Structures are given as structure tokens and as C-alpha cells.
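Residue numbers begin at 1 in each chain, while the letters A, B, ... track the order of the sequences. Computed from a predicted model, the values in this text were never measured in an experiment.
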2 protein chains.
Amino acid sequence: MRKLVVGGAQMGAIQKADSRAHAVERMITLLDQAKAQGCTLVVFPELTLTTFFPRWYMEDQEEIDTWFEREMPGPDTLPLFDRAKEHGVAISFGYAELTPEGQHFNTSILTDRDANIVAKYRKIHLPGHAEFDTERDFQHLEKRYFLPGNMGFPVTRTMGGLFGMCICNDRRWPETYRVMGLQGVEMVMLGYNTPSVNSQKPAEGPEERMFHNKLVMQSGAYQNSTWVVGVAKAGVEDGFPMFGGSLIVNPDGQVVAEAKTENDELIVHECDLDDCTFGKQTIFDFARHRRIEHYGTIASQTGVIEPGE
Amino acid sequence: MRKLVVGGAQMGAIQKADSRAHAVERMITLLDQAKAQGCTLVVFPELTLTTFFPRWYMEDQEEIDTWFEREMPGPDTLPLFDRAKEHGVAISFGYAELTPEGQHFNTSILTDRDANIVAKYRKIHLPGHAEFDTERDFQHLEKRYFLPGNMGFPVTRTMGGLFGMCICNDRRWPETYRVMGLQGVEMVMLGYNTPSVNSQKPAEGPEERMFHNKLVMQSGAYQNSTWVVGVAKAGVEDGFPMFGGSLIVNPDGQVVAEAKTENDELIVHECDLDDCTFGKQTIFDFARHRRIEHYGTIASQTGVIEPGE
């Protein structure tokens, strides 16, 4: 058995006017709760430190850059790292990263239990669009503000197991989980800010979107025999609603913990990494069953080519 | 709108002693029912013509070959093709194929509405094992009796749309659906013979296995914005139980029709192939969102390589 108590720290809304300090204070409150429940790892959402700013159209790069972090930890986030170290709890959270070279990424990090950053991931599947889109009910400008991630989907050996990360839209793509599955991943941590309504199809509301959210995390977990921890930033940000539904999914694809609200809410589960073993050795024994001679287009072809084209 | 009424013709048990004629008679009965309900396409299970023979350990190649078809249609199956042509209904079903060169495949075919075979697929992900396994509660010797498929996952333009096939275990692998999704597939047809209990883990019974069955078909459908029709051979064959749960899943990943029994049972749904379009043009617009520079290992690496190896 390789058990660890994992906390999924769902965050409620962060308004555009809210400061980093405000967000970090709430993260620390959740961290304290997690510590009290025996957690040794806590996963926070995507872009945890601020409102989901990609919904706002901006042209001035200086203004855009105010939403980004130039160092991690920095003055705003150091209290979080200090508290995590004090508690001996590893943390993972997302933020907007501005590198010294001036590149902008949608990023997440993972620390060890001494608050040292041991892994970083930059979001690869950027949804939405790059220019103002008058046909959408609201904007989703991740393709405007971020570059696609350039680090692949790394899996890191830490805390006695193999951990990977992805972010939000990544979770809808089986390739995400599979690239990590091929490195033996045992726990995939992810955060998301997902609107309650489809900006391009008003009829697609929270019930259906939470169904999709659950479906892709359950299948990603089952098909790679890995734990998946998916944590939302939820609630209404300046009038724009996002759903909750934070989940912990076991390597059988079963949901073992689920958030009930759209507020700051901690979900907790004792996860045994050895639960991954049976699936990885039998039905999903990749070495025995996968047939890469037939998978070529997955990695060589981006878009659709219909027969006869 | 490109609507077609699709029938999923679930079959109950076929005992080892039952003849091809017996199986075909039951298939024709289901076909007649489907015609009466307005179906223009009917999907039958994997290895529809006989009992699921890979559960039986055999060494004599002549005996093994008695379970295979050397021509399609042949004398046993011609009545089925004739009835399909008479009805103007396209059919898809699975059988064991023995080629003139002596190669053995787990195969399925699709006809047009004139009973001409327009597509063929040979099962790529062969589960189970090749030698008698004393540690399993029952045998699953597909790796003994079949070669892995050598045709890839073709998608065929027919009946006004883009159709693909896979077989049983294939459905658990996201690569299956993705290779077809990259050809624009609008309906994936599949059949299965799936034991009610995991031969390597008695605690994993029909409820969990039907959950996995549904999970993978729903995610395959949603993540490629395609219809999926999955049809079981179910019931107790010579004491060995297989579950039912035949499904029709829409391109949103929602189950729209589901079998209730473990017997011969027809499920029917009017499927609009244009329902695939929204997902393919937005959230799963592959050309806009996929990042093949990060998917390489999916097609270049078969088994797991952990970090540090």
C-alpha cells in the first residue's frame, strides 16, 4: 500500500477586483482545513490567484501582464508556501506564468512537502479564441493571452509515486492522459475554470457540462489506471457563472469524492497508489496490448482528413 | 439533417452446440423486427455466428478452424444477406475470418442497403492470452486464435455518412476512436462478448463491468463527436455468463437507447449524423486545438517507460 490523503481544494468565485492576497488567504484557509483532516497533498484550481481573466478582452500588454506572475513563489504567494512547509503538505495550483524571456503560459506547479517546487506544467490544449468574437455570448481568450505549453506532459516521481498534471481543457483530450499513462502515471492533478453555459450554444447548461466534466475524468482515470484529482474554481465571477463538481476519481474510473457547492470547499480522500497496479498489469497492460503500428495519425496528423480527400 | 434509423440487435447466448443456421435464424428474426421499426442499418455483435469460442482451449488447428468462416457470405450466411437485401437494410456483424492465405482474424463487416460488403475491419486490440492460463477462472484465448488486425481503423463513406467499426476490447482504447475521429467518423459500430465477471478478479462483477462498458463508449463518442452503437452477445453460454447493456450513444456522449435484458433484443434510435457537427467544429475542432508535437509517444512507444528509466 502507498496511501496518501489527498485534498481537492475547490475555490469559489474570485472577482476581478479581488487581490492576490485575498485569494491566497482563502487558499491558506483551505490548506489549514486539509491539514486538520490529515492531507499530505492539496490540489488547487487552474489560475487560482485571480479571477478567470481570459474572459476579458484586453489589448494593452502592460494591462494583460498584471494578471501574470513573474516569480514563484513571489511576495503574494510566499505565505502559502510558508504555510504548506509548516504543515508538511505538498501543494499543486495553477497561475499565469510570465517568463523572464517574456513568454506567457497557463501554468501549474507541484511542490514536495517542504514547499520546494518539484514539477511544472504548461497548458497545452488552449481552448477558445484569440480575437474578439462577436458570435460568442462571452469571450474565452486563452489563445490570445497564452502560448501553448512547451514542456509536454511530464510525469514526476515524488512522494513515493508518479504524478502528473494537466489543466482544464486538457482533461477533455485522451492524449493528455495517455502520454502520462505511458510514463506510468499514478495520479493526475488538474484544475479548471469552466463556464456553466457553452458560450456558443446557450442550450448546453451546467448539467450537461458537468456530465462531460465527469465523463472525461472518469475515462482518463480508467483507461490509464490512474487516480485523477480535478478541482474547480466555481461560482459567479462578475456575473459569469462557472460550475463546481470537483472530483477525485480512482483508477477504476469511480468517483470517490465530489464537491457539493460552488464555493470554497475541500474534498478529501485517502488514495492508495497501489490501486493503479491491477489495471496496469491486466486490461491496460500497454506493452502486451497496444498496437502502435495503427496509431500513427494520432501523432502525425493534426486535423481531420476524410476518406477520399 | 442526415437521419437514419439504426437498430442494435443484441443477441442472447449461443451455446457451443448451436449451429450457424440457428444463429442466423435469430439474426433474421431481429432483422425483420428492425425493418418493421423503420431501421435502415442494423448492427449485430462480435463473433455473432457461434458461441464465444475463445473461451475454449483447443490445440488441433482443424478443430479451431471449424469456428471460422472461409467466405462471406457463405452457405450459412447467405439467407441473412438475402433478407437484408430484400428489406433494403444495411447490416454489420462480426465473425471469425479465415483467409485463403490461412490467416485468422476476429473480423466485422458492413454492407450497404443492397447487401454488398462495403467495409471490413479486423480486431486490433486482442485481449486475453495465448497459452492455457491456470490462474484465470476461465480462459480468454483471443491471442491464441487470432492475429492482430492488419487493416488499421478504416472509415468508409456510405449511406450519406462516415462509418467506422471496431470490436469488443477495442472500445476500451481511446486510440481506437481517435484514429477514426481523425477521418471524420460520424458513427462507430461495434459488437462485444464480454464476461460478466473479471476472470482475474472475481470481485469485479457485472455492475462494475457494465459501468466500464458504458464509460468507454460514452467518452469515445463525446471526445470525437461521433455516434457509437455498441451491441452485445449476452447471456449464459455453457455456464459462462456475459453481460448485455447494448447501447446507442450520441455525439454528446449521452446514452439514447439501452438494452434491458440479456437476450435477443432490438434497440432502435433515429440518429442524425449532423448531430456530430457542432462538437467537431467547436470544442473538438482537431485542426484548431490538437498539439501533435506533444503526442509522439502515443504512436512511437508501446509500453510504459517510467521517469528515470
Quick one, [X] and [Y] - any side-chain contact, counting heavy atoms below 4.5 Å?
X         : Y         : result
Glu306(A) : Arg157(B) : yes
Ile298(B) : Ile292(A) : no
Phe284(B) : Arg172(A) : yes
Pro307(A) : Leu162(B) : yes
Asp252(B) : His212(A) : yes
Ile305(A) : Leu182(B) : no
Phe286(B) : Gln301(A) : no

Atom [atom1] of [X] and atom [atom2] of [Y]: how far apart are they, to the nearest 0.5 Å?
X         : Y         : atom1 : atom2 : result
His129(A) : Thr282(B) : NE2   : OG1   : 12.5 Å
Tyr295(A) : Arg178(B) : OH    : CZ    : 13.5 Å
Gln254(B) : Leu215(A) : CD    : CG    : 9.0 Å

What residue, out of Gly181(A), Pro127(A), Pro148(A), has the most heavy-atom pairs lying under 4.5 Å from chain B?
-> Pro148(A)
Can you say whether [X] sits under 4.5 Å from chain B via the side chain, the backbone, both, or neither, judging by heavy atoms?
X         : answer
Asn198(A) : side chain
Lys143(A) : side chain
Thr176(A) : neither

Within the side chain of Arg288(A), is there an N or O that forms a donor-acceptor pair under 3.5 Å with the backbone of Gly128(B)?
-> yes
Which pair of non-hydrogen atoms, one from Ala299(B) and one from Ala299(A), has the smallest distance, and what is that distance?
-> CB-CB, 4.0 Å
Quick one: sort the Trp173(B) and His289(A) rings into parallel, tilted or perpendicular, breaks at 30° and 60°.
-> perpendicular
Test side-chain hydrogen bond (donor to acceptor under 3.5 Å, both in side chains), reference Glu175(B), set Arg290(A), His294(A), Gln223(A), Arg291(A), output is Arg290(A)
For Glu46(A), what residues pass the salt bridge (Lys or Arg N to Asp or Glu O under 4.0 Å) criterion, not counting sequence neighbours?
-> Lys123(A)
